[in-house]
2 protein chains.
Amino acid sequence: MKPSNTTNLNSAEETEDLSVYFDMGVSVTNVLYGFEDEQLKVFIQKISRYPYEGAWALPGVLIKSNEGLENKSREIAEECFGNGDVYLEQLNAFGKIYRHPLGRVIDIAFYGLINMERDINSYRTDKEFKWIPVTEVPELAYDHNEILELARQRLKRRIVNRPIGFKLLPEEFTLTELQSLYEQILGRSLDKRNFRKKVLKLDVLLEKGRDENNDSPGRNPLLYKFNKERYNHYMENGF
Amino acid sequence: MKPSNTTNLNSAEETEDLSVYFDMGVSVTNVLYGFEDEQLKVFIQKISRYPYEGAWALPGVLIKSNEGLENKSREIAEECFGNGDVYLEQLNAFGKIYRHPLGRVIDIAFYGLINMERDINSYRTDKEFKWIPVTEVPELAYDHNEILELARQRLKRRIVNRPIGFKLLPEEFTLTELQSLYEQILGRSLDKRNFRKKVLKLDVLLEKGRDENNDSPGRNPLLYKFNKERYNHYMENGF
DNA sequence: TCAAAAGTGTTTCCCTTACACCCATGC
DNA sequence: GCATGGGTGTAAGGGAAACACTTTTGA
């Protein structure tokens with residue numbers, strides 16, 4: 001994958017040395033969302049060395065020239081959770097010239113939805129990490145707060161257009177849990193009756209009986225399961 | 001902007017040579033839309049040399065490590081039209097490993113809306129170029145057809161959420177022209193009465209009298225102008 | 001006088017929103 | 001028996017979609 005100097009490039013000027021174009025770094029960064037204790041959380045880890053020793057950051061890594069972008073994003077998830085088979089979507093490129101202290105690095109950010117019950121096989125042991133509620137995210141290294149803000153906006157838009165919320169919930173969940181997830185992501189409270197009407201009309205939920213292992217007061221809630229067939233049908237034919 | 005080898009990177013392994021990460025190229029590619037003769041068109045140019053001699057492609061260029069992404073996108077517009085002050089938005093990164101024959105190149109694609117009447121000061125003379133209707137775009141070099149497809153989808157989504165259509169029309173335009181633009185972008189025909197109701201209710205148009213220089217049969221159409229104050233008001237307070 | 005384009009209202013339906021009370025259960 | 005959370009229906013308003021004829025002008 002080394003550049004060749006024997007030919008000219010479409011966009012390069014006449015007989016310029018191509019190597020001046022091939023000195024950049026590319027990194028991939030993941031915004032990984034999870035839902036736990038009725039809170040939307042994001043996965044961050046501590047940087048151990050220069051120049052951000054001790055700072056928190058989103059998981060990310062420089063790629064080599066034979067590594068694919070989405071692949072790398074999956075590898076990062078794999079490193080974090082022992083599982084790269086999760087929902088991931090490209091966000092945007094972040095390319096401010098001085099965003100990285102060691103050279104010019106273009107960052108390609110992805111966001112992912114992690115199911116805390118099913119997607120996590122193991123946690124990495126080589127770094128300090130944590131799931132932090134999105135409302136309590138500290139200052140992060142690089143431009144990672146900016147990336148997070150864009151991810152937040154994207155997730156907000158996606159959640160109302162596609163029923164991806166299920167990807168963050170356990171196999172079986174109550175409508176109250178689902179509503180709480182939506183409220184966290186949208187940042188506002190929703191009307192209980194209207195929410196239920198809407199989501200049930202979508203017809204992507206299967207009723208799975210009542211939750212009998214419930215120690216909270218009040219009626220035992222109905223459990224629902226996500227209906228993959230209906231979802232796929234919608235994805236093919238539109239909502 | 002050369003990488004330093006005296007320190008370690010967050011994501012790099014213990015004492016690895018950092019230079020292996022800094023051998024990639026980054027390019028910026030523009031999808032530039034224009035509207036002319038009641039047709040949505042895109043700007044393409046001919047590549048003159050290896051390895052795509054004679055092929056058509058979107059305007060794009062490799063960047064150097066001290067050049068910003070959006071800046072470069074504006075520079076490309078500047079080269080094409082003598083004007084870089086146009087509407088531009090980042091689309092996505094395209095990073096397939098073998099998308100570029102000369103080395104690993106990550107492409108950051110932008111799309112832009114070009115006003116054929118006001119945005120174009122001059123055309124470049126160093127390359128063969130043309131405005132081609134989006135329905136007649138040929139096979140393009142690299143993965144540019146893919147980029148174009150993504151741009152199409154993005155524009156389709158944007159046009160219904162924001163009144164950016166005005167950016168493609170002359171200073172004064174008729175509702176029929178505006179509708180035609182929307183139909184081209186959305187790829188389907190719209191009901192004339194419903195379209196007019198909707199766009200007039202938005203309250204971002206100013207009536208500017210009748211078009212008296214009209215040699216087509218039928219009534220002379222009313223001309224409208226885009227109302228920037230109302231538009232800015234909406235952008236700040238939502239639609 | 002005819003062909004071509006401009007312009008104009010009404011009805012139906014569905015989605016959204018607002019809103020308040022009863023039910024089951026644990027303590 | 002009371003506190004806590006689960007669960008339910010209706011009415012009003014607004015936006016989307018369907019639909020056809022009259023007016024103006026040039027040739």
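Below, all heavy atoms of this structure are taken into account, side chains as well, without hydrogens, waters or symmetry copies. Order of the sequence lines fixes the chain letters, A, B, ..., with proteins taken first and strands second; residue numbering starts at 1 for each chain. Since the structure is predicted, the reported quantities are computational estimates derived from the model, not experimental observations.
Two rings, from A/Tyr224 and A/Phe173, have their centers 6.0 Å or more apart.
Ionic pairing of B/Lys208 and B/Glu171 is not present here: no N-O contact between side-chain nitrogen and carboxylate oxygen is shorter than 4.0 angstrom. Look at B/Glu172 and B/Lys225 and you find no salt bridge, because none of the NZ, NE, NH1 or NH2 atoms lies under 4.0 Å from a carboxylate O. For B/Arg74 and B/Glu78, the salt-bridge test fails: no basic side-chain N is under 4.0 Å from an acidic carboxylate O.
Counting any heavy atom pair closer than 4.0 Å across all strands shown, A/Thr176 reaches sugar-phosphate atoms only and no base atom. No engagement by B/Leu175 is indicated, since no non-hydrogen atom pair under 4.0 Å with the nucleic acid exists.
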In a table with atom names and distances, give each donor-acceptor pair under 3.5 Å that connects a side chain of residues 156-165 of chain A to protein atoms at least two apart or in another chain.
unit_1   : atom_1 : unit_2   : atom_2 : d
A/Arg158 : NE     : A/Glu89  : OE1    : 3.4
A/Arg158 : NE     : A/Glu89  : OE2    : 3.1
A/Arg158 : NH2    : A/Glu89  : OE2    : 2.7
A/Asn161 : ND2    : A/Arg157 : O      : 3.2

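By the 6.0 Å and 45° rule, A/Arg230 stacks over the aromatic ring of A/Tyr234.
For the pair A/Tyr224 OH and D/dG6 C1', the interatomic distance rounds to 11 Å; values are reported in whole Å. Separating the CG atom of A/Leu200 from the C1' atom of D/dG7 is a distance of 11 Å, rounded to the nearest angstrom.
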Nucleotide by nucleotide, nucleotides 18-27 of chain D touches protein heavy atoms under 4.0 Å in the pattern (B base, S sugar-phosphate only, - none) BBB--BBBS-
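Aromatic ring pairs are classed by plane angle as parallel below 30°, tilted from 30° to 60° and perpendicular above 60°; the pair A/Tyr231 and A/Phe226 is perpendicular.
None of A/Tyr33, A/Phe81, A/Trp56 except one satisfies the ring pair (Phe, Tyr, Trp, His ring centres under 6.0 Å) rule with A/Trp131; the exception is A/Phe81.
Between chain A and DNA chain C, the heavy-atom contact criterion of under 4.0 Å yields a 5' to 3' nucleotide range of C/dC15 to C/dG26.
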